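These numbers were taken from a predicted model, which means no experiment stands behind them. Just the heavy atoms: all of them, side chains too, but no hydrogens, waters or symmetry mates, feed the values below.
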Amino acid sequence: MKIIFSDNSLKELLNFRGDIINHFLKNGHEVIILAPNNLENPIEKYPFFDKVSYIPLKLDSVGNNPLKDIKYFLNLLYLYKKNKPDYIFHYTIKPNIYGSIAAKLLNIKSTAMVAGLGSCFSNYSLGDKIARALYKLGLRFSDKILVLNEYNYSFLKNNNFVNQDKLILLPGGEGVNIENFS
C-alpha cells in the first residue's frame, strides 16, 4: 500500500508521528511525506527517514494569502495525481483543508487529523471567519476525521462541521511516543 503523510512541518510530523510512519514502513508499505523542509538532517534522529520518499513543499502555514493557498492546493493535487497513493493522512489546518479536497477530487481515501482547532476558532476577524468556512468545507471531503480531545470533538459535532459518522475521538491520543519527550 502507498501512503502519503501531508503536514505543514516535517519536524513536527516526524517528531509526533515518526513511530507511526516507521510502523507502516516495517509492515512493507511505501510512505511518501509531503511537508515543508524545516528539519536539518532528519536521518540523524529518524533512521527510517532514508526509507521514505520525501517531497518538500512550500507552504505558508500561518498566512492568509489566497494566491499562495491556491498554489499549495494545485501542488497537492498534482502530487497526489502523480504518486497515486492508496491512502492519505492530513495533519494541521491547511493540509486538512486543501489536501482533503484534492484527495476527494482524485477519489483517494483520506483522513484528517485535528490535533487542535487553532486560533481561527477563537478569533472573529473576517480572515478567521473565512478560515473556519474553508475548514468546514475541507473536512467534509475527508473520509474520517480523527480528533484528539473531547472539546474539539464536541465542537465539531455540536456545530455540524462534519458528518458525525466520520468523526472519531481518540481519547488516549494518536499513539505519540511520550518517551521521546521525557
Side-chain angles (χ1 to χ4, degrees), residues 1-17 20-21 24 30-39 42 52-148 152 155-156 159-163 166-168 174:
M1 180 187 260
K2 187 186 290 188
I3 303 166
I4 287 181
F5 285 83
S6 181
D7 200 332
N8 71 357
S9 164
L10 177 62
K11 181 180 179 181
E12 301 303 316
L13 178 66
L14 294 176
N15 196 26
F16 292 115
R17 287 133 193 135
I20 295 165
I21 293 168
F24 280 116
E30 181 181 349
V31 174
I32 300 169
I33 293 175
L34 305 177
N37 188 359
N38 63 344
L39 180 62
V52 305
S53 296
Y54 172 56
I55 302 170
L57 293 178
K58 287 188 177 187
L59 169 64
D60 185 5
S61 62
V62 295
N64 55 9
N65 181 324
L67 294 177
K68 288 182 180 180
D69 286 357
I70 290 168
K71 186 175 180 180
Y72 173 70
F73 166 73
L74 292 173
N75 199 12
L76 287 179
L77 192 63
Y78 168 77
L79 291 169
Y80 291 177
K81 186 174 183 176
K82 177 183 175 187
N83 287 286
K84 298 177 175 65
D86 298 295
Y87 207 91
I88 303 170
F89 290 97
H90 298 109
Y91 298 89
T92 65
I93 189 167
K94 287 191 180 182
N96 281 344
I97 294 168
Y98 302 115
S100 296
I101 295 169
K104 189 66 166 184
L105 287 173
L106 296 170
N107 203 27
I108 302 168
K109 293 203 175 287
S110 70
T111 291
M113 169 63 74
V114 179
L117 291 176
S119 63
C120 73
F121 286 89
S122 58
N123 299 319
Y124 297 98
S125 70
L126 177 60
D128 292 316
K129 289 177 184 178
I130 292 169
R132 284 191 300 275
L134 285 171
Y135 210 9
K136 186 173 187 175
L137 174 69
L139 289 179
R140 291 188 183 273
F141 289 103
S142 291
D143 293 285
K144 297 290 179 192
I145 297 103
L146 304 178
V147 183
L148 296 184
N152 293 340
F155 181 89
L156 294 173
N159 290 286
N160 296 315
F161 252 69
V162 295
N163 179 334
K166 296 179 178 186
L167 198 57
I168 300 169
E174 64 179 299

Quiz item: Between L13 and F5, is any pair of side-chain heavy atoms under 4.5 Å apart?
Solution: yes

Exercise. Scan for salt bridge (charged side-chain N to carboxylate O under 4.0 Å, His left out) pairs involving residues 70-85, sequence neighbours excluded, and state none if there are none.
Key: none

Quiz item: Is the backbone of K11 close enough, under 3.5 Å, to the side chain of N15 for a donor and an acceptor to pair up by distance?
Solution: no

Exercise. Under the ring pair (Phe, Tyr, Trp, His ring centres under 6.0 Å) rule, collect the residues that match up with F141, sequence neighbours excluded.
Key: none

Quiz item: With no hydrogens and no angle check, is any side-chain donor or acceptor of S9 less than 3.5 Å from a backbone partner on E12?
Solution: yes

Quiz prompt | For Y78, ring pair (Phe, Tyr, Trp, His ring centres under 6.0 Å) partners two or more places apart | solution = none

Self-check item: N83 (side chain) donor-acceptor with P85 (main chain) under 3.5 angstrom
Solution: no

Self-check item: Flag side-chain contact, heavy atom, 4.5 Å: N8 against L57
Solution: no

Quiz prompt | Heavy atoms from other residues, nucleotides or ligands near NZ of K166 exceed 12 (cutoff 6.0 Å) | solution = yes

Quiz item: Does a donor on one side chain sit under 3.5 Å from an acceptor on the other, for T111 and Y87?
Solution: yes

Self-check item: Short side-chain donor-acceptor distance under 3.5 Å, N96 and Y135
Solution: yes

Quiz item: Is a salt bridge present between D86 and K109, judged by a nitrogen-to-oxygen distance below 4.0 Å?
Solution: no

Exercise. Using modelled atom types only, decide if a donor and an acceptor are shared between the side chain of Y91 and the backbone of A115 within a distance under 3.5 Å.
Key: no

